[in-house]
Amino acid sequence: PTSCWPTFALGRIEVEGNRRVPAGWVERALEPLGGENLLRLSLPAVERLVATNPWVAAVTIDKRLPGRLRLKLAEREPAALLRTATGLVILDGEGRVIAPLRPGAVEGDLLLVSLGAATEIDPRAALAIAAELERAAPDWAATLSEVQLLAEDDFRLFLGALPFPVAVRLGTLAERLPELRALLPEIERRYPGIDFVDLRFERRIVFQPV
């Protein structure tokens with residue numbers, strides 16, 4: 001005997017949880033599956049097609065007989081902007097590239113990650129130093145606008161709270177930032193302006209007056 005499947009053809013797609021991924025894009029991505037028997041439809045195949053959109057972090061799929069497919073999307077959240085040779089790209093909270101920056105793609109100000117003296121960029125390291133700054137000096141972290149990668153574990157921080165950039169080393173902020181904070185009144189009293197401060201040297205603070 002030949003086994004028979006009821007004819008529950010995929011006809012309608014419902015999308016939830018999407019802010020940056022248009023429902024129309026999801027429908028077009030799933031066009032190759034249109035008309036297939038919903039009972040036999042491969043959910044991994046649906047996931048693979050939808051996951052081609054870089055904003056999609058995960059998708060939950062429900063089959064609703066007789067012919068509806070409901071998808072609930074979890075989208076990746078912008079955490080920073082990476083300056084590349086071809087322009088700015090959006091990074092998520094794990095330092096992974098999402099997509100090139102387009103008008104209206106993000107709201108509010110995002111941390112800028114840029115290349116200084118480093119020859120290679122690992123955006124995750126920039127987010128790690130930003131997180132360390134948040135733990136060591138939350139008031140300064142709230143004004144962080146840019147992290148520049150200088151070398152492995154070395155960074156230059158641009159802070160609205162300070163009138164100069166600060167070179168730092170990963171894993172040392174809890175110790176070195178209080179030293180800089182304590183020295184600031186004396187620096188400001190003695191010098192009309194500072195070009196930069198370097199905290200990467202053990203037991204000393206290096207700074208360059210204007």
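All values below come from the heavy atoms of this structure, side chains included, with hydrogens, waters and symmetry mates left out. This is a predicted model, so every value here is computed, not measured.
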Quick one, Leu150 and Arg200 - any side-chain contact, counting heavy atoms below 4.5 Å? yes
Say whether Phe164 and Phe201 are linked into one hydrophobic cluster, either directly or through other cluster members, by side-chain heavy-atom distances under 4.5 angstrom. no
For the hydrophobic clusters of this structure (ILVMFWY residues joined by side-chain heavy atoms under 4.5 Å, transitively), does one cluster hold both Val206 and Val168? no
Do the side chains of Thr60 and Leu71 get nearer than 4.5 Å, heavy atoms only? no
Quick check: do Leu162 and Ile194 have side-chain heavy atoms less than 4.5 Å from each other? no
Do Leu183 and Ile205 have side-chain heavy atoms sitting under 4.5 Å apart? yes
Could you grab the distance from atom CD of Glu47 to atom OG of Ser42, nearest 0.5 Å is fine? 8.5 Å
Could you tell me which non-hydrogen atom of Ile90 sits nearest to which non-hydrogen atom of Pro100, and how far apart they are? CD1-O, 4.2 Å
Is it true that, when you exclude Arg124 itself, more than 12 heavy atoms of the residues, nucleotides or ligands shown sit nearer than 6.0 Å to its CZ? no
Closest heavy-atom pair, Ala161 versus Thr143, reported as atoms and distance to 0.1 Å, is N-OG1, 3.0 Å
Spell out, as yes or no, whether a donor-acceptor pair under 3.5 Å connects the side chain of Glu132 to the backbone of Gly171. yes
Are Leu184 and Val210 linked, directly or through intermediate hydrophobic residues, by side-chain heavy-atom contacts shorter than 4.5 Å (ILVMFWY only)? no
As an exercise, state the distance from CG of Leu133 to CG of Leu177, rounded to the nearest 0.5 Å. 6.5 Å
Within the side chain of Glu75, is there an N or O that forms a donor-acceptor pair under 3.5 Å with the backbone of Arg19? yes
Exam field: side chain Arg176 to backbone Arg204, donor-acceptor pair closer than 3.5 Å: yes
Would you give the length of the straight line joining atom CG of Asp154 to atom CG of Leu199, rounded to the nearest 0.5 angstrom? 11.5 Å
Exactly one of Ile13, Val26, Leu10, Leu33 clears side chain to side chain contact (heavy atoms under 4.5 Å, CB included) with Val46, and that residue is Leu33
Verdict with supporting geometry, Leu49 and Glu31, side chain to side chain contact (heavy atoms under 4.5 Å, CB included): CA-CA 10 Å; Leu49 290 171; Glu31 279 180 358; over 6 Å; no
Nearest-0.5 Å distance, CG of residue Leu82 to CD1 of residue Ile98: 12.0 Å
The reported gap from CZ in Arg83 to CG in Leu149 (rounded to nearest 0.5 angstrom) is 12.0 Å
Any Lys/Arg nitrogen of Arg203 or Glu179 sitting under 4.0 Å from an Asp/Glu carboxylate oxygen of the other? no
Do you reckon Phe196 sits in the same ILVMFWY cluster as Trp140, going by side-chain contacts under 4.5 Å, direct or chained? no
To check you understand the geometry: which heavy-atom pair defines the closest contact between Leu173 and Pro178, and what is its length? O-CD, 3.7 Å
If we ignore hydrogens and angles and just use 3.5 Å, is the side chain of Arg135 paired with the main-chain N or O of Ala174 as donor and acceptor? no
Please answer whether the main-chain N or O of Pro22 pairs with a side-chain N or O of Asn18 as donor and acceptor at a distance below 3.5 Å. no
The residue among Arg64, Arg70, Lys63, Arg68 that forms salt bridge (charged side-chain N to carboxylate O under 4.0 Å, His left out) with Glu14 is Arg68
Which residues satisfy the side chain to side chain donor-acceptor pair (under 3.5 Å) test with Asp153, sequence neighbours excluded? none
Taking all non-hydrogen atoms of both residues, which atom of Ala99 and which atom of Pro54 are closest, and how far apart? CB-CG, 4.4 Å
Correct closest heavy-atom pair for Ala130 and Leu144 would be CB-CD2, 3.9 Å
Quick check: does any side chain N or O of Glu146 sit under 3.5 Å from a backbone N or O of Val113, one acting as donor and the other as acceptor? no
Looking at Glu36 and Arg40, is any side-chain nitrogen of the basic one under 4.0 Å from a carboxylate oxygen of the acidic one? no
Would you find more than 12 non-hydrogen atoms of other residues, nucleotides or ligands less than 6.0 Å from Asp109 atom CG? no
Answer yes if Leu127 and Phe158 sit in the same cluster of Ile, Leu, Val, Met, Phe, Trp and Tyr residues linked by side chain heavy atoms under 4.5 Å apart, and no otherwise. no
To the closest 0.5 Å, what do you measure between CG (Leu112) and CG (Leu81)? 6.5 Å
Pairwise side-chain contact, Thr52 with Trp25, heavy-atom cut-off 4.5 Å (strictly under): yes
